[in-house]
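To start, the structure under review is shown below, and the notes come after it.
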Amino acid sequence: MKKRILSTLLAGLLLAPAFVSCINDDSKEFGSVPMAQIQLQSELQEQYDKEKMETLSLTAPDITQAPLQKDVSYTWEIGGKVVSTDKKLDYVCEDSGTFPGRLTIKNADNTVYRQFTVKVHFPYEEGVYALATRDGKSVVTYVSERFKGEKVVYDAFGAENLEVSFPLGKEPTALYYLNTRRFTEGKVSKEASLFYIATKNPNKFYRVQADSMIVKKSFNEVSYGSPVTAVIDDWKADTEFQHGSGYVLIKQGNHIWAANYESQGIGNFGVGQQHLAGTEIDDKLLVTATQTLYNRDGVVVFDKKKGALFGFNDLRKFSYYNELGDYDYLGSFASGPGRWKVVSVFQKKDLSECKYYYFDPGANNKVDFTPALENVTIPGLKERPVLAVARNTEFLFYAVGKQIFAHYIPVAKFPEQNTPLLTLDKEGSIVSLTLSPDGYKLIVGMETPGAEKPGSIFVYDISRIERPALLYKAENCTGSIKQVAYRPLD
């Protein structure tokens, strides 16, 4: 009996390896079949930049498959749509904008995805725009920042709009860029970002889509027989008049209008309008400031007839200062972190000294003018300077001839030795200055009399004020410049 049991156990032990061997064989045949893993030999770029109607040509990276080789399919998607199922992509970029792209490589066992971005540039983007005149015609010249001044469109407005339908007047008066993308709460609209362009002879005033330079609105209903001569900052106060909407302020004669860039309406600017009767408002008048602590918007105007400053805020509070009869008004600009004050600058008629005033639109719900601590002399200043329209900076930039100076506003007295910040290496005179919204770029418009195209553009990096550096330039690219405007990367 014992021998029989022992024989049975021995037989079982001898059969066990064979049994296990059978299980392993079955798993190979029916269970873990080797898979063809896809490995890319190179990668796509993160972003591809193209011009409108240019062809984007891409070839999928070469792959290896191991341990088996299987059939592979390719799928290219751009903007959520399948645009090719070949290994090579040839895609015509018909629409401007930024689009997500995806390449899918797939076999029976494995799928690999690669994502990328396609940026199809608009015809007009970041850079300098100059409103100028040449041969009895107004033009808007575009100097591309992306191409470092190498790409220039002499008459961007005329190139995109039929002159018969939307002519500009012969005399340019005002150019203003408004970045409305920041009001869309993160949603980028194709209609976002605008230019306002004004000319006279005859009087014309247009709202222009910045990406295409195509006219979106003609404000022919604004007419008191006088041209629009100034367009300024956006006014966003939540008041009885504004209802929380966005506006730009427009000067026409001695009237100030508010153009609504949301509903495309236009209306009388009610804040302080009643005080402007009988005035002679300077074209350099209109500069707004926002008192962030009290959330008050304000605007400053100068009456050349009375030698008086007017200041208003969105609560219709009003301030008046009229001891400036011996001075010429040079201009005003918003200054300080958050643009919380307006600085108005004056020069004595005999050129001997300058002074400036602070305007606070919102302290304790009242409007105050604060004179500088003393009259300030600008050594050697024997001409009327050109002022930069400054934002978010404590520096006043001004130009005389081909020299540019910088003054730190909190120090009321100008330096004894007024050393130029920059001297342009070109014959002519600076006729227009402006700053980028972040205050790090200084944009210069210069005129060289006698040249076929007298207008030149220079852009400087002033992030280190003591060491300004030329970023790019476009010399003799336009007519006689009335005004330069800077458009940053939106």
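Because the structure is predicted, anything quoted here is derived from the model rather than measured. Along the sequence shown, residues carry numbers from 1.
- Among all heavy-atom pairs drawn from T141 and C477, the shortest one is CG2-O, 3.9 Å.
- The side-chain contact (heavy atoms from CB on, under 4.5 Å) check on T104 picks up T75, E77, R102, T111, Y113, with sequence neighbours excluded.
- Counting all heavy atoms, side chain and backbone alike, S436 lies closest to I443 at N-CD1, 3.8 Å.
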query: For N203 and V228, what are the C-alpha separation, side-chain angles and deciding distance, and is it a side-chain contact (heavy atoms from CB on, under 4.5 Å)?
result: CA-CA 7 Å; N203 300 336; V228 170; over 6 Å; no
Practice problem: Show the numbers, then the answer: is there a side-chain contact (heavy atoms from CB on, under 4.5 Å) between D109 and L68? | Solution: CA-CA 10 Å; D109 303 326; L68 303 177; 5.5 Å; no
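- Between the side chain of Y74 and the backbone N or O of T59, no donor-acceptor pair lies under 3.5 Å.
- Listed here is the closest heavy atom pair of Y142 and A156: CB-CB, 4.3 Å.
- For the residue pair C93 and V120, the shortest heavy atom distance occurs at CB-CG2, 3.6 Å.
- Annotation: F195 is in aromatic contact with Y129 [ring centroid separation under 6.0 Å].
- In this structure, K402 pairs ionically with E427, as a charged nitrogen and a carboxylate oxygen lie closer than 4.0 Å.
- Ion pairing between a basic and an acidic side chain is recognised when a charged N comes within 4.0 Å of a carboxylate O; D62 and K87 show such pairing.
- Between the side chain of D282 and the backbone N or O of F302, no donor-acceptor pair lies under 3.5 Å.
- In this structure, the side chain of E145 does not engage the main chain of E126 through any donor-acceptor pair within 3.5 Å.
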Next item on the list: Apply the test side-chain contact (heavy atoms from CB on, under 4.5 Å) to residues L89 and I78: give CA-CA distance (whole Å), side-chain angles for both, the deciding distance (0.1 Å), then the verdict.
Entry: CA-CA 11 Å; L89 169 69; I78 294 179; 4.2 Å; yes
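- No side-chain donor from either of T199 and Y206 sits under 3.5 Å from a side-chain acceptor of the other.
- Listed by first and then second residue, the ring-ring contact (aromatic ring centres under 6.0 Å, His included) pairs that reach into residues 42-67 are Y48-F116, sequence neighbours excluded.
- Between the side chains of K106 and S73, no donor-acceptor pair is found at a separation under 3.5 Å.
- In summary, E466 and R464 engage in a salt bridge, as defined by a charged side-chain N under 4.0 Å from a carboxylate O.
- No salt bridge links D49 with R146; every basic N to acidic carboxylate O contact stays at or beyond 4.0 Å.
- Judged by distance alone, with hydrogens and angles left aside, the side-chain atoms of S432 form a donor-acceptor pair with the main-chain N or O of V484 at under 3.5 Å.
- For the pair P437 and Y486, the tightest heavy-atom approach, listed with the atom from each and the gap, is CD-CD2, 4.0 Å.
- Judged by distance alone, with hydrogens and angles left aside, the side-chain atoms of E150 form no donor-acceptor pair with the main-chain N or O of F147 at under 3.5 Å.
- For the atom pair OH of Y154 and OG1 of T478, the computed distance is 5.5 Å after rounding to the nearest 0.5 Å.
- For the pair I462 and K441, the tightest heavy-atom approach, listed with the atom from each and the gap, is CG1-N, 3.9 Å.
- The backbone N or O of G428 sits nowhere less than 3.5 Å from a side-chain atom of T448 that would complete a donor-acceptor pair.
- Listed for the N107 side chain is no donor-acceptor partner under 3.5 Å among the backbone atoms of K70.
- A donor atom on one side chain and an acceptor atom on the other are not found under 3.5 Å apart for Y124 and R487.
- Looking at K482 and E171, no side-chain N of the basic residue comes within less than 4.0 Å of a carboxylate O on the acidic one, giving no salt bridge.
- In this structure, the side chain of D461 engages the main chain of S463 through a donor-acceptor pair within 3.5 Å.
- Between the side chain of D90 and the backbone N or O of S57, no donor-acceptor pair lies under 3.5 Å.
- Remark: side-chain polar atoms of S144 are not paired, donor with acceptor, to backbone N or O of G149 under 3.5 angstrom.
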